[in-house]
Amino acid sequence: MTLRLQMLGTGGAFAKKYFNNNGLLCTEDFTLLIDCGITAPLALHQLGKPLEKIDAILVTHIHGDHVGGLEELAFRMKFVYGKKPVLYVAESLAEPLWEHTLKGGLTQEGIACLEDAFDVKLLREGEPTQLSPKLTVELIRTPHIPGKASYSLYINNEIFYSADMIFQPELLTKLVYERNCRKILHEVQLTGPGQVHTTLQELLSLPFDIQSKISLMHYGDEMESFIGATGEMSFLRQHEVYTL
Ligand SMILES: O=c1ccn([C@@H]2O[C@H](COP(=O)(O)O)[C@@H](O)[C@H]2O)c(=O)[nH]1
Ligand SMILES: [Zn+2]
Ligand SMILES: [Zn+2]
């Protein structure tokens, strides 16, 4: 089954060279935007991708580099195309996404809740959900910020998309050896302590056969100086189209 991934950006929260880590995941008849950060509207514009070609958006957690573009996207879909974007969101994130992030900007006549701005589809952790005939996504809750929900994605029961998370070697091992995971798209923090992210040093501790499945994303502006220092892992590049 052919899946294509084109990252709108591959940068970490503070990266300035690579835009926010948001991606277009495409089957032949469906385009999913994974996360819609602050830079997503500009990245889509630069790629020449009209908003109406995006069939749905899925958000992994509530940080600006993952949800900061939703206000503009909702307004443009409403006023330019007269449509509500389809928004896949974990049950646990829907209320905080509205109350803590979007309410201030989106509230106006005709918009009083998340459902007024988006066609909201709630996702349950651990339950694979078919988004289109050839695209299924399962949310896996993974640790990122203490006390805040955040989710990784298991796509078509074979591709792991970490989103932002603290290193989880047991999960990665289980996915590869027990769930036939054949590709891992993983965030990486290249310098400094990981704290709420996964460091390159941590990923380098994984066995070579797991490393060889990993493409690195959500990196800092210093990425170029780490080329050749990432073991069996390679860097995902902004705008390149990958067949998964
Ligand atoms: O050096 C750092 C930089 C950032 N953080 C924390 O990360 C998040 C924001 O980044 P995301 O990519 O959106 O997760 C925020 O909680 C910062 O406090 C950090 O811990 N260390
Ligand atoms: Zn992030
Ligand atoms: Zn985050």
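Counting starts at 1 for both ligands and their atoms, in listed order. Just so you know, residue 1 is the first one in the sequence shown, and it goes up from there. Computed from a predicted model, the values in this text were never measured in an experiment.
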**Request:** Quick one: sort the F235 and Y219 rings into parallel, tilted or perpendicular, breaks at 30° and 60°.
**Result:** perpendicular
**Message:** Suppose we only count N/O/S atoms under 2.8 Å; would H63 qualify as near the Zn ion (ligand 2)?
**Reply:** no
**Prompt:** Can you list the ligand 1 atoms lying under 4.0 Å from a non-hydrogen atom of I145?
**Reply:** 16 (O)
**Message:** Among all the protein's heavy atoms, is there at least one whose distance to atom 12 (O) of ligand 1 comes out below 4.0 Å?
**Reply:** yes
**Request:** Find, among atoms of D65 that are N, O or S, the one nearest to the Zn ion (ligand 2), and state its name.
**Result:** OD2
**Request:** Please report which non-hydrogen protein atom sits nearest to atom 6 (C) of ligand 1, along with the residue it belongs to and the distance in Å to one decimal place.
**Result:** V196 CG2, 3.6 Å
**Prompt:** With a cut-off of 4.0 Å, which atoms of ligand 1 are near a heavy atom of H218?
**Reply:** 12 (O)
**Where ligand 1 meets A13 - atom numbers and elements under 4.0 angstrom, heavy-atom basis** = 9 (C), 10 (O), 11 (P), 12 (O), 13 (O)
**Prompt:** Going by distance alone, is a donor N or O of one side chain under 3.5 Å from an acceptor N or O of the other, for T199 and E202?
**Reply:** yes
**Prompt:** Nearest to atom 20 (O) of ligand 1 by heavy atom, Q195, H197, H66: which?
**Reply:** Q195
**Complete:** Note: NE2(H218)-the Zn ion (ligand 2)-NE2(H66) angle, rounded to 10 degrees, equals 120°
**Message:** Which heavy atom of N22 sits nearest to which heavy atom of D65, and what is that distance?
**Reply:** ND2-O, 3.0 Å
**Message:** Checking the side chain of T198 only, and the main-chain atoms of F167 only, is there a donor and an acceptor separated by less than 3.5 Å?
**Reply:** yes
**Prompt:** Which heavy-atom pair separates H186 from I214 by the least distance, and what is that distance?
**Reply:** CB-CG2, 3.9 Å
**Item:** Residue and atom name of the nearest protein heavy atom (relative to atom 1 (O) of ligand 1), distance in Å to one decimal
**Value:** Q189 NE2, 4.3 Å
**Atoms of ligand 1 close to F14 [distance to a heavy atom under 4.0 angstrom, numbered from 1]** = 3 (C), 4 (C)
**Asked** Has H61 got an N/O/S atom less than 2.8 Å from the Zn ion (ligand 2)?
**Response** no
**Item:** ligand 1 contacted by H144 (non-hydrogen, < 4.0 Å)
**Value:** yes
**Asked** Do H63 and ligand 1 have an N or O pair less than 3.5 Å apart?
**Response** yes
**Message:** Using 30° and 60° as the class boundaries, would you call the ring planes of H66 and H63 parallel, tilted or perpendicular?
**Reply:** tilted
**Asked** Can an N, O or S atom be found in D164 less than 2.8 Å away from the Zn ion (ligand 3)?
**Response** yes
**Asked** Picking from I38, T101, L106, what satisfies side-chain contact (heavy atoms from CB on, under 4.5 Å) with E71?
**Response** L106
**Atom CZ of F208 with >12 non-hydrogen neighbours under 6.0 angstrom** = no
**Message:** With a 3.5 Å distance limit and no angle check, can you tell me whether E158 reaches the backbone of N180 through a side-chain donor-acceptor pair?
**Reply:** no
**Item:** Closer than 4.0 Å: a protein non-hydrogen atom to atom 17 (C) of ligand 1
**Value:** no
**Asked** Is H144 close enough to the Zn ion (ligand 3) to have an N, O or S atom under 2.8 Å?
**Response** yes
**Message:** Can you confirm whether K17 is buried at NZ, in the sense that more than 12 heavy atoms of other residues, nucleotides or ligands lie under 6.0 Å from that atom?
**Reply:** yes
